[in-house]
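Read through the structure below, which is laid out as structure tokens, and then see the notes.
Atoms considered below: every heavy atom in the structure, side chains included; atoms not considered: hydrogens, waters and symmetry mates.
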Amino acid sequence: MGMLLGCLLLSLAGCSMELAAALFGPRHPPPAAEPPPPAVADEEVLPWAEKEPIFVVVRQSCRTLDVYRYGKRIRSYPAVFGQGGTPKLNEGDRRTPIGLYSIIGKRPHPRWGHFFLLDYPSASDVWRHQQAKAMGELDEAAGIGGEVGIHGTDKPDKNERGIDWTLGCVSVSNEAIEELDRLLPLGTPVSIEP
């Protein structure tokens, strides 16, 4: 896992503009004050994940959830996130965490079909939370939270338009979550990138 994490950190990249356009249609150029997104490497293959039977990469900048089998992308789904930006600092901030997680629970859910629980908070999430408290960015009583996961939607119109609406989870279409339920076993590693 250590080597995988090291390779992951060295290999993190954004999404291809072609994939984003295919999933969500053409994007409007960013305002002049913002720099354009960095050029990206091909994401069809992740050489550092070639020994992983299954691996999920969530790219918030691309608004996708990609599934890789032995380093080769086999599925890509549009995704939406928390309303508060990133990274998650505390319970109730409506942010989606950033980091490497695993699916530690899978259960049916009455609102969105399935819920895949991630092992948030990780050690780095706890450290980030403690640092925010030490710097006075958070109230001492602020908890770190939990119950962050991947799920379907009861707001399909918002998902289709790419509108972030969750309280910090990753949401995909209900068709996608049904397929992911068959594809992803417990223990599947999930990298959530900005």
Side-chain angles (χ1 to χ4, degrees), residues 12-31 33-34 36-37 40 43 55-68 73-121 125 142-184 188-194:
L12 291 180
C15 61
S16 70
M17 296 310 274
E18 294 83 19
L19 177 60
L23 293 173
F24 294 106
R27 294 188 63 172
H28 300 291
E34 294 179 18
V40 246
E43 303 290 357
F55 196 94
V56 172
V57 178
V58 175
R59 295 178 180 93
Q60 292 185 54
S61 62
C62 302
R63 310 189 68 70
T64 58
L65 182 151
D66 294 334
V67 179
Y68 292 85
R73 184 169 46 206
I74 60 168
R75 301 283 190 284
S76 186
Y77 307 98
V80 297
F81 311 99
Q83 304 167 51
T86 59
K88 185 165 191 61
L89 288 178
N90 65 289
E91 183 173 24
D93 66 5
R94 298 176 179 249
R95 296 178 181 186
T96 300
I98 301 293
L100 184 60
Y101 305 95
S102 292
I103 296 173
I104 59 169
K106 290 174 69 175
R107 61 182 183 249
H109 195 280
R111 285 180 61 196
W112 33 68
H114 298 278
F115 181 81
F116 306 155
L117 179 65
L118 299 178
D119 60 348
Y120 170 87
D125 295 314
I144 193 164
E147 291 290 315
V148 173
I150 300 168
H151 58 70
T153 184
D154 61 350
K155 299 173 178 19
D157 58 318
K158 289 188 176 186
N159 279 58
E160 288 169 11
R161 295 189 340 244
I163 297 172
D164 293 334
W165 61 266
T166 77
L167 299 180
C169 292
V170 176
S171 174
V172 294
S173 73
N174 292 326
E175 296 79 16
I177 203 68
E178 288 295 331
E179 189 170 13
L180 289 168
D181 187 48
R182 293 186 295 274
L183 282 172
L184 305 179
T188 298
V190 177
S191 172
I192 303 178
E193 302 174 2

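In this structure Asp119 satisfies the salt bridge (charged side-chain N to carboxylate O under 4.0 Å, His left out) test with no other residue, sequence neighbours excluded. Under the side-chain contact (heavy atoms from CB on, under 4.5 Å) criterion, Asp164 pairs with Arg63, Val80, Phe81, sequence neighbours left out. A search for side-chain contact (heavy atoms from CB on, under 4.5 Å) contacts involving Val148 returns Lys88, Pro97, Tyr120, not counting sequence neighbours. Residues forming a side-chain contact (heavy atoms from CB on, under 4.5 Å) with Glu178 (at least two apart in sequence, or on another chain): His114, Arg182. By the salt bridge (charged side-chain N to carboxylate O under 4.0 Å, His left out) test, Arg94 is found to be paired with no residue, residues two or more places apart in sequence or in another chain being considered. In this structure, Glu175 has no salt bridge (charged side-chain N to carboxylate O under 4.0 Å, His left out) partners at least two apart in sequence or on a different chain.
In this structure, the separation between OG on Ser171 and CH2 on Trp165 is 4.5 Å, given to the nearest 0.5 Å. To the nearest 0.5 Å, the span separating CD1 on Ile103 from CD1 on Ile150 amounts to 5.0 Å. Rounding to the nearest 0.5 angstrom, the gap separating the CZ atom in Phe55 from the CG atom in Leu100 is 5.5 Å. To the nearest 0.5 Å, atoms OG1 (Thr166) and CZ (Arg95) are separated by 13.0 Å. Residue Leu167 holds its CG atom at 12.0 Å from CD of Glu147, rounded to the nearest 0.5 Å. With values rounded to the nearest 0.5 angstrom, Asn90 atom CG is found 8.5 Å from Ile144 atom CD1.
Val56 is not listed as a side-chain neighbour of Leu180, based on a closest heavy-atom distance of 4.5 Å or more.
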Might you work through the side-chain contact (heavy atoms from CB on, under 4.5 Å) test for Asp125 and Tyr101, ending with a clear yes or no?
CA-CA 11 Å; Asp125 295 314; Tyr101 305 95; 2.8 Å; yes

I'd like to know whether Ser173 forms a side-chain contact (heavy atoms from CB on, under 4.5 Å) with Asn159, so could you lay out the CA-CA distance, the side-chain angles of the two residues, the decisive distance to 0.1 Å, and finally the verdict.
CA-CA 7 Å; Ser173 73; Asn159 279 58; 5.5 Å; no

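Closest approach of Asp93 to Pro87, counting heavy atoms only: OD2-O, 4.5 Å. Residues Val172 and Ile177 come closest through the heavy atom pair CG2-N, 3.8 Å. Gly149 approaches Leu118 most closely through the heavy-atom pair CA-CG, 3.9 Å. Taking all atoms of both residues into account, the shortest heavy-atom contact from Tyr77 to Asp66 is N-OD1, 4.3 Å.
In summary, of the residues considered (Arg73, Glu193, Glu43), a side-chain contact (heavy atoms from CB on, under 4.5 Å) with Val57 occurs for Glu193 alone.
At least one donor-acceptor pair under 3.5 Å links the side chain of Thr96 to the backbone N or O of Gly168. Under a 3.5 Å cut-off, the side chain of Thr153 and the backbone N or O of Lys155 do form a donor-acceptor pair.
Relative orientation of the His151 and Trp112 rings is parallel, given thresholds of 30° and 60° on the angle between their planes.
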